[in-house]
Amino acid sequence: MADLRITSMAHDLMAHAQARQEVVARNMANADTPGYRAADLPSFAETLETGAGLKATRAGHIGWEPGRRDAEPVERAAEASPNGNTVSLETEMMKAAEIRQSHDMALSIYTTVSQIRSTALGRK
């Protein structure tokens with residue numbers, strides 16, 4: 001059975017959540033490092049809107065390339081502490097909760113599509 005586009009998109013959302021979680025974890029690990037500047041990845045929706053990860057798959061066609069993560073971490077504007085660090089643990093915890101929701105949504109989509117495929121094939 002041909003792979004459904006939504007499955008690829010759910011996979012990409014999971015990969016984006018993983019990459020974003022890595023950035024947030026790095027921020028938290030450097031919360032006490034003098035001069036460290038907090039970073040974040042653009043949201044998955046922003047990545048799709050700006051075209052990051054898009055490529056021509058054939059002449060006259062533009063489509064999402066599964067598994068491609070072109071989004072680069074960007075410095076997040078925040079007020080610096082006296083040592084020049086811009087990490088706020090409260091903000092990072094909120095970002096981690098957002099990321100978990102994105103991952104859970106992608107997992108739910110993937111699971112639902114798998115169940116629909118099984119039902120369509122007559123398997124439970």
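Keep in mind that the numbers below use all heavy atoms, side chains included, and drop hydrogens, waters and symmetry copies. The residues of the chain are indexed from 1 along the displayed sequence. Everything numeric here is computed off the predicted structure, so don't read it as measured data.
- Taken to the nearest 0.5 Å, the NZ atom of Lys95 stands 8.0 Å off from the CD1 atom of Ile99.
- Note that CZ of Arg76 is 10.5 Å distant from CG of Leu41, once rounded to the nearest 0.5 Å.
- Put simply, OH on Tyr110 and CE on Met14 are 7.5 Å apart, with the number rounded to the nearest 0.5 Å.
- Here the CD atom belonging to Glu75 is positioned 6.0 Å from the OG1 atom belonging to Thr86, to the nearest 0.5 angstrom.
- Nearest heavy atoms, Asn85 versus Thr33: ND2-O, 2.7 Å.
- Inter-residue side-chain proximity for Glu98 and Arg20 is flagged as met; some heavy-atom pair is nearer than 4.5 Å.
- To the nearest 0.5 angstrom, Thr7 atom OG1 is 11.0 Å from Met9 atom CE.
- When all heavy atoms of Ala106 and Ala10 are compared, the pair lying nearest together is CB-O, 3.4 Å.
- Between Gln18 and His103, every side-chain heavy-atom pair lies at or beyond the 4.5 Å cut-off.
- Between Arg37 and Ala80, the shortest heavy-atom contact is NH1-CB, 3.9 Å.
- Pairing each heavy atom of His16 with each of Pro42, the nearest pair is NE2-O, 2.8 Å.
- Both Met105 and Ile6 sit in one connected hydrophobic cluster of ILVMFWY residues. Membership requires side-chain heavy atoms under 4.5 Å apart, directly or through other members.
- Going from atom CD1 of Ile109 over to atom NE2 of His11 covers 13.5 Å, rounded to the nearest 0.5 Å.
- Atom CG of Asp32 is surrounded by 12 or fewer heavy atoms from other residues, nucleotides or ligands within 6.0 Å.
- Side-chain contact between Leu13 and Ser102: present, with at least one pair of heavy atoms (C-beta onward) separated by less than 4.5 Å.
- When hydrophobic clusters are built by joining Ile, Leu, Val, Met, Phe, Trp and Tyr residues whose side-chain heavy atoms come closer than 4.5 Å, directly or via intermediates, Met94 is not grouped with Val87.
- Residue Leu89 is grouped with residue Val24 when hydrophobic side chains (ILVMFWY) are merged at heavy-atom distances under 4.5 angstrom, including chains of intermediate members.
- Between the side chains of Asn27 and Tyr36, at least one donor N or O sits under 3.5 Å from an acceptor N or O.
- Between the side chain of Thr112 and the backbone N or O of Ser108, at least one donor-acceptor pair lies under 3.5 Å.
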